[in-house]
Amino acid sequence: LITAPSDTDFDTTLDYPGRVPVATIVSGLWAFFACCVQVSNATGMGFRLGLTTGGAAQALPFTTDYTDEIVFSKAIASAAVLGKVRGNTGTVADSGTLATAVANTEMELAFWCQLSSGTSTGSFWADGTETAFSSAQATALTDILTSPPVMFWSLHCTGVTATNPTMTVTSAISGISA
């Protein structure tokens, strides 16, 4: 259970395992992430769940994108959950709405991807529905390889002022291999 304080400038961050870098990203790398998550307030909690650079909290985490990221993203004032890919500070490639957050209702979210200097590929899953990465997302995956970063498996959340929303992650699993 992660409780976001009543301040939209705050980012509660859980980087696992213990802020140890997952890997320096290389061509041919496979990555996957899956979690079951629920929020107490559908439009009072924002999150980024997945693979990000930085490995630490950042001020106003949802007004600035990470340099490189492959995440599920929910804006603070919206119930829509999107898939977000960004590589090498380039343009963020968002999916359409993959799921809609409902207060105190669990969502099953997962993604897999392969980063390749040729053609990168991947898919998001939300509550049993698969959505392949768009061509813009595949390009953003390949862009990550332009200046390969160290990345972290991260659970980031922030809340609307004076609401103290919670995010409960009942399970999470991730992996990476060449």
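Not measured: the values here are computed from a predicted model.
The side chain to side chain donor-acceptor pair (under 3.5 Å) check on E108 picks up nothing, with sequence neighbours excluded. In this structure T131 satisfies the side chain to side chain donor-acceptor pair (under 3.5 Å) test with no other residue, sequence neighbours excluded. Scored by the salt bridge (Lys or Arg N to Asp or Glu O under 4.0 Å) test, D143 finds no partners at all (sequence neighbours excluded). Residues passing the side-chain contact (heavy atoms from CB on, under 4.5 Å) test with T91, sequence neighbours excluded: none. By the side-chain contact (heavy atoms from CB on, under 4.5 Å) test, A138 is found to be paired with no residue, residues two or more places apart in sequence or in another chain being considered. For A136, the side-chain contact (heavy atoms from CB on, under 4.5 Å) criterion is met by A93, S134, not counting sequence neighbours. Residues that satisfy the side chain to side chain donor-acceptor pair (under 3.5 Å) test with E130, not counting sequence neighbours, are S123. Remark: S40 pairs with N104, P165, T166 by the side-chain contact (heavy atoms from CB on, under 4.5 Å) rule, at least two apart or across chains. The side chain to side chain donor-acceptor pair (under 3.5 Å) test applied to T146 returns no partner, not counting sequence neighbours.
Atoms OG1 and NZ, from T158 and K74 in turn, are 10.5 Å apart once rounded to the nearest 0.5 Å. The line from OG of S174 to CH2 of W153 is 5.0 Å long, rounded to the nearest 0.5 Å.
What you find for F111 and L49 is that their closest heavy atoms are CE2-O, 4.5 Å. The nearest pair of heavy atoms linking C157 to M45 is CB-SD, 3.5 Å. Listed here is the closest heavy atom pair of Q137 and A132: OE1-O, 4.4 Å. Contact detail for F133 and T121: the closest heavy-atom pair is CD2-C, 4.4 Å.
Pairs engaging residues 159-178 under the salt bridge (charged side-chain N to carboxylate O under 4.0 Å, His left out) rule: none recorded [sequence neighbours left out]. Counting only residues at least two apart or on different chains, the ring pair (Phe, Tyr, Trp, His ring centres under 6.0 Å) pairs with a member in residues 71-93 are F72-F124.
Applying the side chain to side chain contact (heavy atoms under 4.5 Å, CB included) test between D68 and each of I25, I144, L145 identifies I144 as the sole match.
In terms of hydrophobic clustering, with Ile, Leu, Val, Met, Phe, Trp and Tyr side chains grouped at heavy-atom distances under 4.5 Å, V92 and F47 are assigned to different clusters. The hydrophobic cluster containing V169 also contains I70, counting ILVMFWY residues as joined when their side-chain heavy atoms lie under 4.5 angstrom apart, directly or transitively. When hydrophobic clusters are built by joining Ile, Leu, Val, Met, Phe, Trp and Tyr residues whose side-chain heavy atoms come closer than 4.5 Å, directly or via intermediates, V102 is not grouped with M167. Linking Ile, Leu, Val, Met, Phe, Trp and Tyr residues whenever their side-chain heavy atoms come within less than 4.5 Å leaves L109 and V71 in two separate clusters.
Between E106 and T170, the side chains place a donor N or O and an acceptor N or O closer than 3.5 Å (distance only, hydrogens not considered).
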Show me the donor-acceptor pairs within less than 3.5 Å that the side chains of residues 78-87 make with the rest of the protein, sequence neighbours left out.
residue, atom, partner, partner atom, Å
S78, OG, A80, N, 3.0
K84, NZ, D94, OD1, 3.0
K84, NZ, D94, OD2, 3.4
R86, NE, G90, O, 2.7
R86, NH1, D65, O, 3.2
R86, NH1, Y66, O, 2.9
R86, NH2, T89, O, 3.0

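Within the 4.5 Å cutoff, the side chain of W125 has heavy atoms near those of the W112 side chain. R48 has its side chain within reach of E69: a pair of non-hydrogen atoms, C-beta onward, lies under 4.5 Å apart.
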(request) Mind running side chain to side chain contact (heavy atoms under 4.5 Å, CB included) on F152 and L51 for me, showing each step along the way? (result) CA-CA 6 Å; F152 300 79; L51 197 55; 5.9 Å; no
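Between the side chain of S116 and the backbone N or O of G118, at least one donor-acceptor pair lies under 3.5 Å. Looking at S27, its side chain does come within 3.5 Å of a backbone N or O of S117 through a donor-acceptor pair.
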